[in-house]
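Working notes, beginning with the structure itself.
The structure presented is a predicted model; accordingly, all values stated were derived computationally and were not measured.
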Amino acid sequence: MSLTNPFERRSAMAMVGNTAPFIMSGGTFIPNELVSAEEALKNSDLYSVASLISSDIAGAKFIGDNSFTEMLNKPSDRVNRVTFWQTAVRCLC
């Protein structure tokens with residue numbers, strides 16, 4: 001489909017090889033070609049989504065009446081709250 005012709009048909013090519021995310025071998029599942037986090041973050045779409053989610057979570061202020069609320073809002077003496085949570089969440093992605 002293109003902008004000039006929305007009814008355009010394109011031929012699909014068959015994939016050769018195993019495209020499943022896991023392979024079963026000896027009764028256990030084995031990941032099929034893992035990608036490192038460094039390689040995955042080279043993809044701008046993945047980096048943008050991880051950055052957007054981490055900044056949204058980092059910008060949230062924790063509210064509550066227990067003793068952990070203060071710790072969540074000021075988790076480190078070395079960096080500010082937003083930088084800490086943005087880095088922590090981005091590392092989890």
Worksheet, complete the sentence: Taken in chain and number order and not counting sequence neighbours, the residues that satisfy ring pair (Phe, Tyr, Trp, His ring centres under 6.0 Å) with Phe62 are Trp85

Discussion item. Membership question, hydrophobic clusters at under 4.5 Å side-chain separation (ILVMFWY): are Phe84 and Ile57 in the same one?
Written reply: no

Discussion item. Under the rule for side-chain hydrogen bond (donor to acceptor under 3.5 Å, both in side chains), what residues qualify as partners of Thr69, not counting sequence neighbours?
Written reply: Asn66

Fill in: side-chain hydrogen bond (donor to acceptor under 3.5 Å, both in side chains) against Asn80, all qualifying residues, sequence neighbours excluded
Thr83

Worksheet item: What residues form a side-chain hydrogen bond (donor to acceptor under 3.5 Å, both in side chains) with Ser55, not counting sequence neighbours?
Response: none

Discussion item. If the condition is side-chain hydrogen bond (donor to acceptor under 3.5 Å, both in side chains), which residues does Asp65 pass it with, not counting sequence neighbours?
Written reply: none

Discussion item. Would you compute the distance between atom CG of Asp56 and atom CD of Gln86 and round it to the nearest 0.5 angstrom?
Written reply: 9.5 Å

Fill in: Residue pairs passing the salt bridge (Lys or Arg N to Asp or Glu O under 4.0 Å) test where at least one lies in residues 69-83, sequence neighbours excluded
Lys74-Asp77

Worksheet item: Transitive ILVMFWY cluster of Phe68 at side-chain heavy atoms under 4.5 Å: who else is in it?
Response: Met71

Response to the item:
Correct closest heavy-atom pair for Ala58 and Val82 would be CB-O, 3.3 Å

Worksheet, complete the sentence: Grouping ILVMFWY residues whenever side-chain heavy atoms fall under 4.5 Å, the cluster of Leu52 otherwise contains none

